Amino acid sequence: MIEIRYTSPYDLDISGSPDELQLVRQRILDLRKSGALQVIVKADGAIDPSPYDLAIPRLVLLKGRGPTRISNKDAEEIQIEGSPENLEKLASYFDFEVGASKGDHLHYEYFEGIDSIAEDSIPLVVSVR
């Protein structure tokens with residue numbers, strides 16, 4: 001099961017084994033192609049979140065419009081919403097090889113000139129544990 005750690009307002013980490021991260025990737029891609037508007041991915045909320053403040057038990061993926069926006073609804077949920085095309089770009093950040101090493105990670109965050117991620121999106125680190 002993936003783990004989501006968060007410290008408001010800008011520190012978010014989603015971690016898992018390469019297989020677990022591939023499952024999240026597939027859920028994002030399936031949402032992109034389906035008629036559904038949202039998918040919920042459960043995470044292990046009972047973990048020690050250190051060095052972060054919170055362990056978040058739920059990731060909600062929402063198909064919408066425009067750039068991808070990552071937000072924190074409350075202590076129970078991280079939401080990621082974006083157009084199907086931008087969700088597909090996000091999915092690539094969960095694409096780790098089976099042999100990926102613990103600590104391998106990717107940063108998904110807004111920077112000037114990028115139009116697929118909202119400027120007010122929480123920066124995300126996707127990491128192998």
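Please read all numbers here as calculations on a predicted model, not as lab measurements. What you see below is based on every heavy atom in this structure, not just the backbone, and it leaves out hydrogens, waters and symmetry mates.
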Side-chain touch [X]/[Y], heavy atoms, less than 4.5 angstrom:
{"X": "V128", "Y": "P18", "answer": "yes"}
{"X": "I47", "Y": "R5", "answer": "yes"}
{"X": "K63", "Y": "P84", "answer": "yes"}
{"X": "I117", "Y": "E109", "answer": "no"}
{"X": "S121", "Y": "T68", "answer": "no"}
{"X": "V24", "Y": "I14", "answer": "no"}

Quick one: does any side-chain atom of [X] pair with a main-chain N or O of [Y] as donor and acceptor, under 3.5 Å?
{"X": "R129", "Y": "S15", "answer": "yes"}
{"X": "N86", "Y": "S83", "answer": "no"}
{"X": "D74", "Y": "E77", "answer": "yes"}

> Does E119 CD have over 12 foreign heavy atoms under 6.0 Å away?
Replying inline: no

> Taking NZ, NE, NH1 and NH2 as the nitrogens, is one of them in R58 or E76 under 4.0 Å from a carboxylate oxygen of the other?
Replying inline: no

> Which heavy atom of F94 sits nearest a heavy atom of L90, and at what distance?
Replying inline: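 So the minimum-distance heavy-atom pair works out to CD1-O, 3.7 Å.
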
> Looking only at heavy atoms, which two atoms of L31 and L37 are closest? And how far apart?
Replying inline: CD1-C, 3.9 Å

> Going by distance alone, is a donor N or O of one side chain under 3.5 Å from an acceptor N or O of the other, for S50 and D48?
Replying inline: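 Yes, D48 and S50 have a side-chain donor paired with an acceptor closer than 3.5 Å.
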
>> Can a side-chain donor-acceptor contact be found between D53 and S8 if the only test is distance below 3.5 angstrom?
In response: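 Result is no, nothing qualifies.
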
To the nearest 0.5 Å, tell me how far [X] [atom1] sits from [Y] [atom2].
{"X": "Q79", "Y": "L61", "atom1": "CD", "atom2": "CG", "result": "10.0 Å"}
{"X": "Q22", "Y": "D19", "atom1": "CD", "atom2": "CG", "result": "7.5 Å"}
{"X": "I56", "Y": "I78", "atom1": "CD1", "atom2": "CD1", "result": "5.0 Å"}

